[in-house]
Amino acid sequence: LLLLIEVARSSLAYDRSVKAALYARLGIQEYWIVDLETRALEVHRGPRDHGYADRSRVEAGAMSPIAFQDLSIQLEEMLPPSSQDEGAEG
């Protein structure tokens with residue numbers, strides 16, 4: 001598996017620790033967590049025995065998976081509309 005994406009609101013701590021360690025141990029090359037609370041993307045790359053070697057956070061803009069470098073995914077496209085966006089109509 002080259003990329004696994006999860007969406008988290010209440011399970012973030014579990015996803016960061018238990019699931020990330022498991023996915024890394026299984027050799028999943030890249031693990032993304034879409035954090036609905038802070039509207040950010042956490043990117044985990046470089047699987048090792050006990051977790052990922054590289055972790056970063058994207059709060060705006062686009063991200064490209066390592067396995068699909070020609071694909072650029074906008075963070076905003078992975079998130080539901082914010083309450084500010086809903087109030088902007090009209």
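As the structure is a computational prediction, the values presented were derived from the model and not from experiment.
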Any ring-ring contact (aromatic ring centres under 6.0 Å, His included) involving residues 54-83? Give me the pairs, sequence neighbours left out, ordered by first then second residue.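 Found none.
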Quick one: ring-ring contact (aromatic ring centres under 6.0 Å, His included) pairs with a partner in residues 4-45, sequence neighbours left out?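 Those involving residues 4-45 are Y23-Y31, Y31-H44, H44-Y52.
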Of all heavy-atom pairs between S64 and E30, which one has the smallest distance, and what is that distance?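 Closest pair (atom of S64, atom of E30, distance): O-OE2, 4.3 Å.
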Compare every heavy atom of A13 with every heavy atom of S17, then report the nearest pair and how far apart it is.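 Looking at all heavy atoms of both residues, the closest pair is OG-O, 2.9 Å.
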Would you say V7 ends up clustered with I33 if hydrophobic residues are merged whenever their side chains have heavy atoms under 4.5 Å apart, either directly or through other cluster members?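 Different clusters: I33 never reaches V7 through Ile, Leu, Val, Met, Phe, Trp or Tyr contacts under 4.5 Å.
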Ignoring hydrogens and geometry, is there a side-chain-to-backbone donor-acceptor pair from Q29 to G27 under 3.5 Å?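 Flag set: sc Q29 to bb G27 pair under 3.5 Å.
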Holding to side chain to side chain contact (heavy atoms under 4.5 Å, CB included), I want the full list of residues that pass it with [X], two or more places apart in sequence or in another chain.
X: R48; answer: A53
X: T38; answer: D35, A40, R57
X: L79; answer: V34, L36, R39, L75
X: A67; answer: L2

Validation row: [X], [Y] side chains within 4.5 angstrom (heavy atoms):
X: L12; Y: E37; result: no
X: M63; Y: V43; result: yes
X: E42; Y: R16; result: yes
X: R25; Y: P47; result: no

Could you grab the distance from atom CD1 of I73 to atom CG of L41, nearest 0.5 Å is fine?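 Reported to 0.5 Å precision, the distance equals 8.5 Å.
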Report the distance from atom OG of S11 to atom NZ of K19, rounding to the nearest 0.5 Å.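 Here the rounded value is 5.5 Å.
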For I66 and R45, what are the C-alpha separation, side-chain angles and deciding distance, and is it a side chain to side chain contact (heavy atoms under 4.5 Å, CB included)? CA-CA 9 Å; I66 292 172; R45 293 176 167 168; 3.3 Å; yes
